[in-house]
Amino acid sequence: MIDTIAVVGATGAVGRIIVEMLLARKFPARRIKLLASERSAGKPMEVGGVSFDVEVLRPESFDGVAIAIGSTPDEVAAEFVPWAVARGTVVVDESGFFRMQPTVPLVIPEVNPGAIDTHTGIIASPNCSTTQMVMVMKPLHDAARVRRVIVSTYQAVSGGGLAASREMEQGTAAWLAGKGETKSVFPHLIAANLIPQIGSPRPGGSTSEELKMVYETRKILGDESIGVCATCVRVPVANCHSESILIETEKKLSVADVRRLLAAAPGIVVEDDLDAKLYPLPRTCSGSDDVFVGRIREDASSPTGIALWCVSDNLRKGAATNAVQIAEYLVAHPAKLSWERPAVRA
Ligand SMILES: NC(=O)c1ccc[n+]([C@@H]2O[C@H](COP(=O)([O-])OP(=O)(O)OC[C@H]3O[C@@H](n4cnc5c(N)ncnc54)[C@H](OP(=O)(O)O)[C@@H]3O)[C@@H](O)[C@H]2O)c1
């Protein structure tokens with residue numbers, strides 16, 4: 001049992017679910033402290049029948065806090081994480097800011113839990129699109145070594161936060177009513193549309209979101225030789241990211257092998273019966289902590305290729321669940337709540 005866990009960005013799309021999950025999973029902390037910006041401070045927030053006060057994020061917010069789960073934009077994480085680490089708080093961070101720093105472990109508990117033990121105050125949780133893909137890759141990589149992955153994503157609007165979800169709701173209502181639509185979060189109108197750009201342009205023509213899938217995958221699996229080609233697309237779906245994934249392995253795996261390996265993997269559910277029209281769908285997977293896989297078939301264009309379809313709740317396993325699992329590991333291993341020296345200075 002720890003004294004206090006803080007949720008930074010508690011009023012956001014991910015933050016609200018983290019608070020709800022800490023209560024539902026009876027997280028062993030005496031107090032849950034909710035932090036956000038000036039905009040939310042002083043406003044009570046009701047989660048799971050419990051009323052919380054939201055406090056403004058400040059350096060002193062972390063006095064006496066053993067673990068903080070951060071769920072804020074990158075620039076906010078860059079500022080607050082050093083405040084917390086300097087006060088002895090271990091931060092589990094959802095933002096992209098620290099993920100690729102060499103001293104920061106990037107962790108999916110089902111895939112590389114041992115990396116948590118190497119932390120020096122900060123543990124990063126991966127990008128939501130990366131997490132569900134790597135969950136699927138891990139058992140296949142262990143059995144037959146993954147050489148190359150080609151992935152196309154169909155990413156829900158909730159991945160862009162609360163403002164993005166509002167933009168789709170209002171935009172869709174306006175589109176259906178034939179009224180004027182507006183946009184501020186997405187680069188194009190999202191209603192009845194597909195947007196093949198998530199994140200900012202990077203040299204070579206990829207987007208920042210696509211490169212996260214390349215570099216984070218290699219870091220988590222500890223294998224720099226894995227080839228990843230990602231195309232990330234925003235779709236007008238409320239929640240749950242879907243991915244079409246082609247996986248090439250060194251050793252051939254049959255469809256039956258893949259089905260068996262995935263069905264036995266923790267946190268993965270296989271839903272795969274085309275005749276019965278059974279495959280994962282965003283609307284049926286929403287609200288679950290698992291990663292769902294279906295449409296498993298041979299890729300006839302490659303001697304060792306497997307094609308599959310993967311859906312997962314980006315707000316849960318793609319974010320909140322993963323971070324809460326890491327926090328639970330820390331509490332179960334209290335020695336990991338202290339470390340040699342801070343990774344960064346305040
Ligand atoms: N959405 C997903 O599926 C997902 C998945 C994986 C990772 N992530 C990452 O998780 C983070 C949060 O995403 P989200 O979707 O939850 O975004 P969001 O809905 O926009 O929420 C952002 C949160 O950050 C807080 N915040 C913003 N500026 C702040 C400031 N200056 N000081 C203190 N708090 C501040 C907001 O507080 P106010 O309400 O007071 O503004 C809000 O609680 C991002 O880094 C995102 O990339 C998101």
Side-chain angles (χ1 to χ4, degrees), residues 6-21 33-45 47 52-59 61-62 68-81 83-84 91-99 106-108 123-134 153-168 184-186 198-200 207-209 212-213 216 232 234-235 237-243 282 285-287 289 291 311-326:
V7 180
V8 190
T11 52
V14 175
R16 285 161 194 257
I17 294 182
I18 292 170
V19 178
E20 191 185 290
M21 206 173 272
K33 185 175 196 174
L34 275 55
L35 301 167
S37 77
E38 300 272 0
R39 293 178 288 275
S40 311
K43 293 183 193 159
M45 191 171 129
V47 185
F52 291 90
D53 290 325
V54 180
E55 299 172 36
V56 184
L57 173 64
R58 295 197 179 90
S61 306
F62 298 98
I69 303 182
S71 176
T72 65
D74 286 12
E75 63 280 11
V76 179
E79 193 172 18
F80 91 76
V81 171
W83 299 342
V91 182
V92 182
D93 187 43
E94 302 274 15
S95 87
F97 191 81
F98 295 97
R99 288 183 195 142
L106 181 60
V107 176
I108 302 174
I123 300 156
S125 185
N127 175 265
C128 39
S129 318
T130 308
T131 298
Q132 66 188 76
M133 182 177 79
V134 172
T153 71
Y154 306 70
Q155 294 182 224
V157 291
S158 62
L162 286 179
S165 295
R166 272 194 299 270
E167 187 161 309
M168 185 179 84
S184 60
V185 177
F186 296 116
I198 303 180
S200 49
T207 65
S208 51
E209 182 83 356
K212 284 177 190 173
M213 295 192 78
E216 292 182 17
C232 293
R234 186 73 70 190
V235 298
V237 163
N239 192 37
C240 287
H241 292 349
S242 305
E243 298 180 351
C285 298
S286 189
D289 291 317
V291 171
V311 181
S312 180
D313 189 328
N314 49 290
L315 296 175
R316 297 183 76 91
K317 185 57 193 166
T321 311
N322 201 65
V324 170
Q325 285 175 305
I326 296 169

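Not measured: the values here are computed from a predicted model. When a ligand or atom number is given, it counts from 1 through the structure's own listing order.
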Quiz item: Heavy-atom distance under 4.5 Å between the side chains of E209 and T153, does that happen here?
Solution: no

Quiz prompt | Under 4.0 Å from ligand 1, counting heavy atoms only: the protein residues, by chain and number | solution = G9, A10, T11, G12, A13, V14, A36, S37, R39, S40, L57, S71, T72, P73, V76, E94, S95, C128, S158, G159, G161, L162, N314, L315, G318, A319

Quiz prompt | Rounded distance [0.5 Å steps], CD1 in I69 versus CG in L35 | solution = 12.0 Å

Quiz item: What is the distance from atom NZ of K317 to atom CD of Q132, rounded to the nearest 0.5 Å?
Solution: 11.0 Å

Quiz item: Do the side chains of C232 and M213 get nearer than 4.5 Å, heavy atoms only?
Solution: yes

Practice problem: State the CD-NE2 distance between Q155 and H241, to the nearest 0.5 angstrom. | Solution: 4.5 Å

Exercise. Please report the shortest heavy-atom distance between F80 and L57, naming the atom on each side.
Key: CB-CD2, 3.7 Å

